[in-house]
2 protein chains.
Amino acid sequence: MVISSKTLPDKTVERLSQYRRNLLICLAKGKQHIFSHEIAQLHHITPVQVRRDIMLIGYSGTLRKGYDVKELIDLIGKILDTDEGLRVGVIGVGNLGRSLIGYFNGKRSKLSIVAGFDANPDKVDKVYAGVHCYHFDKLSEIIARENISIGIITVPAEQAADVAEKLVIAGIKGILNFTPKPLNVSPHVYLQEYDMVTSLEKVAYFVKKQAGI
Amino acid sequence: MVISSKTLPDKTVERLSQYRRNLLICLAKGKQHIFSHEIAQLHHITPVQVRRDIMLIGYSGTLRKGYDVKELIDLIGKILDTDEGLRVGVIGVGNLGRSLIGYFNGKRSKLSIVAGFDANPDKVDKVYAGVHCYHFDKLSEIIARENISIGIITVPAEQAADVAEKLVIAGIKGILNFTPKPLNVSPHVYLQEYDMVTSLEKVAYFVKKQAGI
DNA sequence: ATAACATTGTTATTTTATTAACAAGTAACG
DNA sequence: CGTTACTTGTTAATAAAATAACAATGTTAT
Ligand SMILES: NC(=O)c1ccc[n+]([C@@H]2O[C@H](COP(=O)([O-])OP(=O)(O)OC[C@H]3O[C@@H](n4cnc5c(N)ncnc54)[C@H](O)[C@@H]3O)[C@@H](O)[C@H]2O)c1
Ligand SMILES: NC(=O)c1ccc[n+]([C@@H]2O[C@H](COP(=O)([O-])OP(=O)(O)OC[C@H]3O[C@@H](n4cnc5c(N)ncnc54)[C@H](O)[C@@H]3O)[C@@H](O)[C@H]2O)c1
């Protein structure tokens, strides 16, 4: 099987995830086929882009019928998911952490939040939306035992660097950092950061531009 | 004043926001000058990129001394902020909405969350982290009265389209959508969407690739 | 049947973003 | 003072992403 042997462009991976999300909704609605321009419209992009992405993963639709929704979902799954799925831990079970756990819980079958970690004794050994919260001291132990490969960091910014370091030592493979603190991790660990303030400032900038202020 | 008359590239705007965040921290620590390679390291990018971004906003550092932290912060402010600031409303004061309000509150002087909206009577007229929650029915009225130009959508996905439509009617200028529901808004409204699941799936994909699974 | 049309798949082109290259110039040091 | 070393600013080159162009071909209408 040659499919997906080469690494896909960053942006394509993002869009595939988004396509799948909506394809699942289409499928639930009983829609069996979908055209590139329909997918495109949902995502505010061009049909060409959609076809190109789909080409890159080696799938073919049927002429004048479009893509088979179920087949496409399955193939995107083959690309994005691993067979046994990946296991995720959330470090910092505060407002954002709990909110993420609650949101995520039961969404994706192949990607599951299996543990929370917190330094506050009040939170330890509590269960949030079905996820057990462990003491931060047990990070390494639990990561190994539960076979966790991805960590989501939602501790206060001052703690983020320390948490990241311990995650790396514990053998984590990927980190999603929601704190505004920039992290330095070994290059073998895939790191992604998101800051909501940056998103909002970007919106503000373009609003300002549009208004000609 | 010619500065910033042309629209900056998307990515540059994002980075400027990030630079500022860390420059503020540097300033607080008493650091007065900073080199391009120092900024670069914080953000996992190259010094050239930093210099290029700074060039684009028309700022000049001093040779062998780097950039004046305070001046650079001020200039980025001139680019990203408006004089009187922009006012933001959060629609959906649930787990995520409250978490964002709490996080944002008192962070940025020029961008402030001034109102929450919710359809649940239990939440209406409560105050969350200093932000008054109004009934969703009052959306238009309050947006006009409070001069709100940006809306953050954190309602359940099924409600998102309706909320977006009403925001546009109410004259909002920019939307930050945290629901997984793709929205259609008038092209005059700047729309940005973020889905945490996509971020996580992207991390998972690259973890998978690295592992050679 | 045949023409007109719609839609895919793919290559070519354009645009945008990043990186490299290097001239210019200043601080620090002798 | 003169030299060395470093850092900026900018142009040029490269890479990545998006768009356009269009051939191929199945479908529908006549
Ligand atoms: N709340 C948001 O919407 C939001 C948005 C963007 C970014 N952030 C960032 O996310 C982070 C968390 O935000 P929050 O609002 O959830 O804060 P919070 O204070 O509610 O939660 C932080 C949690 O981390 C725990 N903690 C502290 N030190 C720890 C450690 N060393 N190990 C493990 N757990 C530890 C605390 O006990 C607490 O439960 C912050 O850095 C914030 O900047 C939050
Ligand atoms: N929680 C997260 O971390 C997270 C992460 C990513 C995305 N999201 C998305 O954000 C949205 C909200 O998530 P949540 O966890 O906060 O859910 P939630 O149920 O806690 O909050 C939703 C809130 O919206 C209110 N609401 C419902 N209909 C409304 C309407 N028409 N107008 C105004 N308010 C209305 C509800 O009363 C509730 O308070 C969901 O779409 C979810 O998919 C959440």
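Small disclaimer: the values here were computed from a predicted structure and weren't measured. Residue numbers begin at 1 in each chain, while the letters A, B, ... track the order of the sequences.
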Original post:
Out of curiosity, B:Gln32 CD to B:Cys26 SG, how far, rounded to the nearest 0.5 Å?
Top reply: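 The distance works out to 12.0 Å.
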
Subject >> Rounded distance (nearest 0.5 Å) linking atom OG1 of A:Thr12 with atom CD of A:Gln49 >> reply: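 With rounding to 0.5 Å, OG1 (A:Thr12) is 7.0 Å from CD (A:Gln49).
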
Original post:
Along DNA chain C, 5' to 3', what are the outermost nucleotides having an atom less than 4.0 Å from a heavy atom of chain B?
Top reply: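 The contacted stretch runs from C:dA17 to C:dA27.
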
Original post:
Nucleotide by nucleotide, 5' to 3', does protein get under 4.0 Å of the base (B), only the sugar-phosphate (S), or neither (-) in nucleotides 6-11 of chain D, counting heavy atoms?
Top reply: BBBBBB

Exercise answer: donor-acceptor pairs, residues 171-183 of chain B side-chain atoms, under 3.5 Å, sequence neighbours excluded:
| residue | atom | partner | partner atom | Å |
| --- | --- | --- | --- | --- |
| B:Lys173 | NZ | B:Gly171 | O | 3.4 |
| B:Asn177 | OD1 | B:Thr179 | N | 3.0 |
| B:Asn177 | OD1 | B:Thr179 | OG1 | 2.9 |
| B:Asn177 | ND2 | B:Thr179 | O | 3.4 |
| B:Asn177 | ND2 | B:Lys181 | O | 3.0 |
| B:Asn177 | ND2 | B:Glu193 | OE1 | 2.8 |
| B:Thr179 | OG1 | B:Lys181 | N | 3.3 |

Original post:
For residues 9-21 of chain B, which residues have at least one heavy atom under 4.0 Å from DNA chain D?
Top reply: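 Those residues: none at all.
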
With sequence neighbours left out, what residues match [X] under ring pair (Phe, Tyr, Trp, His ring centres under 6.0 Å)?
X: B:Tyr103; result: none
X: A:Phe136; result: none
X: B:His44; result: none
X: A:Phe206; result: B:Tyr190

**OP:** Would you mind reading off the bend of the helix from C:dA1-D:dT30 to C:dG30-D:dC1 from its two end axes, five pairs each, to 10 degrees?
**Re:**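 Answer for the end axes of this duplex: 10°.
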
Original post:
Salt-bridged, B:Asp162 to B:Lys166, with N to O below 4.0 Å?
Top reply: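 Yes, this pair counts.
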
Original post:
Can you pull the ring-ring contact (aromatic ring centres under 6.0 Å, His included) pairs that have at least one residue in residues 14-33 of chain B, sequence neighbours excluded?
Top reply: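 Pairs touching residues 14-33 of chain B that pass the test: B:Tyr19-B:His43.
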
Subject >> Within residues 81-101 of chain B or reaching into it, pairs that qualify as salt bridge (Lys or Arg N to Asp or Glu O under 4.0 Å) - sequence neighbours excluded >> reply: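 Salt bridge (Lys or Arg N to Asp or Glu O under 4.0 Å) check on residues 81-101 of chain B returns B:Arg20-B:Asp81, B:Arg87-B:Glu146.
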
Subject >> Any pair counted as side chain to side chain donor-acceptor pair (under 3.5 Å), so long as it reaches residues 57-69 of chain B, sequence neighbours left out >> reply: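 Residue pairs passing side chain to side chain donor-acceptor pair (under 3.5 Å), neighbours aside: B:Tyr59-B:Glu71.
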
**OP:** Show your working on side-chain hydrogen bond (donor to acceptor under 3.5 Å, both in side chains) between A:Tyr205 and B:Thr7 and close with a plain yes or no.
**Re:** CA-CA 9 Å; A:Tyr205 174 79; B:Thr7 300; 4.9 Å; no

